[in-house]
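Below, all heavy atoms of this structure are taken into account, side chains as well, without hydrogens, waters or symmetry copies. Just so we're on the same page: letters track the sequence lines, and every chain starts at 1.
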Amino acid sequence: MTLAERLIVLFIILQAISVAAVWTLNATTVVEQGGFAIFLAINLLSFAAVVYVYRVTIDGGSPRPLGIFIYCLALIVLIFGNIFLA
Amino acid sequence: MGNDEGGNRREGPLARLIGWFDSRLGLSHQFLRPAPNYSLNPFYWLGALTVVAFVIQGITGIILALYYVPSPDQAYPSTLYIINTVSYGRFLQTVHLYTAYAMIMLAFMHMMRGYFVSVQKKPRELMWVVGMAMGFVTLGFGFTGYLLPWTVVSKSATDVGVGMIKALPSSIASFLIFLIEGAGGDPTELLRFYDLHVIVLPAALLLLLTLKMYMLESHGISEPMAVAEETERDKKLVPIFPDVTLYLLQLATIFGAGMLLISAVFPLTLPPEFSLQTAGQSVVQPEWYFLWIYQVLKFSIFEGPGLTYALSLVAVIFLVLIFLPFIDRGATRKIRDRPIYVTLGAIFVVEVVALAVWGLLTPGQVISSTQGALVLGGIAILVAGVSLGMYRLIFGRVLRGVPVTKVIPGPVRSKIAWTSFSFVVILITGSLSIGTLINSVVNLALGGFGIALLERLILSLFFLSCSSIAAVYLLYRLDLGTGRIRRRIKAFEVGWRNRR
């Protein structure tokens, strides 16, 4: 597996976890609706990262380390933000 | 149609008119052509992100419409029901609100970017006019949607807005009042606003969007100035699918994630319901995107009969923006060749931001005309001075006719972008600080000592010092490349020594 393929697998796993987490929430309380929004944001951002890696690799290039770093940093901020909100 | 002396076919006025529209509307061009490589840049997709925001608005709005009841006695309770009882109701309402804010902000950024890089030049004049119409429809969404929860803040602000319409010439005012208010008081007004918000404005926006997309497909994406000088053969093209589609998908999902994060951190809380008692206790304040107009209306000179003049002034600004392609008719699109228009644009942006912030800090206060003139005039002079000074510094060689290389290499272009960004940040901070400083000094002189005023004075002095230091540092960094300032200082020192 290339680094790009490993990254895509990682982001897809994160998407699956966020979707599973969304189903555990109570949809009427303020805090859990906030959690729902954050999990959805994690899902979308992971998807954006997958699209980025795919778009770059189909043209024969490789993803920029800075780009991947920013995506990972944003995802970590979201995950810890969710814990903070909860 | 006939022949001229050279034997060429001469077209009649009707054929020329059809030809003019055809060259602008692009009735005879192909669709979904490959896009140029330079368009894979977020600044080229501000309009597309505005459409993404509109789509999110549509989806959340349709779900909210299932529960919302557009009548004065049910509007507030049904909104409360959505927020407190409906599953994900608060989330949907919050996303709907913040995406509306984002849509207006993105539309403004899209317009100003277009202004500065001069996209409105031939053959995209009608695209600009249609885009401006879309901007007004977007503001219409904000104005009509604000009333719907029937809170004390939204109803009072809408009443002020409707009151402003009544100051327009009677024929226009009566038509607009009939359109948005009808003759049935509050129930009709709310129902009209709801109809405008969910039927008329979306239909109008979709129609205008179709027209604009059609023209965009015909003319293609506007080229950056450096690329415009290359030949068609040199421009690298990328296919719409998958490259451009995936790029847009990536931007749209990042934008969606950002909206969700903001919604999670700042969930919506509803102000009290509108009633005559609550209306008497609240200070009228419109939403942030109308604050700059509201702040102008608060100047003492525009009170009472002067309101018509204030509205005329705002109307003139909007008319200039709409008909900009027919006013700025110069052939060149380069920023370096348009110092006056770029400076005017910078003044407009800084004044709008300064007025909005000023309006936020002074809710319900009448502003003396002298203070208004001082702050607005001061900001205009400062921005014009800094902008023209930067022109001298950056494009001085060009303005004196010294040739420069045609295509700027990548790293230099990146440095110019960073310099411009720093310049804009310094400019905005400096202007706001000067505005607040003048405001605080005038208030201290007129109204006496106050801790809050002193705090504002100290903060504005602090930010002004930071901006000045940053400006000096930026000039120093720029001078490292050219050495112009150091040479001038040295020449000045030599001249001074010789004189002594």
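Minimum heavy-atom separation, A/Gly34 to B/Ala264: O-CB, 3.4 Å. The two residues A/Val22 and B/Tyr88 make their nearest non-hydrogen contact at O-OH, 4.3 Å. Listed here is the closest heavy atom pair of A/Gln33 and B/Phe91: OE1-N, 2.7 Å.
For the atom pair A/Asp59 CG and B/Asp243 CG, the distance stands at 4.5 Å (nearest 0.5 Å). To the nearest 0.5 Å, atoms CZ (A/Phe36) and CG (B/Leu260) are separated by 8.0 Å. Atom CD1 of residue B/Ile254 and atom OH of residue A/Tyr52 lie 10.0 Å apart, to the nearest 0.5 angstrom. Taking CG of A/Leu45 as the start and CD of B/Gln250 as the end, the distance is 10.0 Å to the nearest 0.5 Å.
In this structure, chain B has no heavy atom under 4.5 Å from any part of A/Ile42. For B/Thr85, the part lying under 4.5 angstrom from a heavy atom of chain A is the backbone only.
Interface check for chain B: of the options A/Ile58, A/Val30, A/Asn43, the most heavy-atom pairs under 4.5 Å are formed by A/Val30.
Enclosure of atom OH in A/Tyr54 is not indicated, since only 12 or fewer non-hydrogen atoms of other residues, nucleotides or ligands lie within 6.0 angstrom. For B/Met105, the CE atom counts as loosely surrounded, since its 6.0 Å shell holds 12 or fewer non-hydrogen atoms of other residues, nucleotides or ligands. For B/Tyr98, the OH atom is densely surrounded, since the number of other residues' heavy atoms within 6.0 Å is greater than 12. In the displayed structure, A/Arg64 atom CZ is contacted under 6.0 Å by at most 12 heavy atoms of other residues, nucleotides or ligands.
In this structure, B/Leu40 and A/Arg55 have side chains that are in contact, with non-hydrogen atoms separated by less than 4.5 Å.
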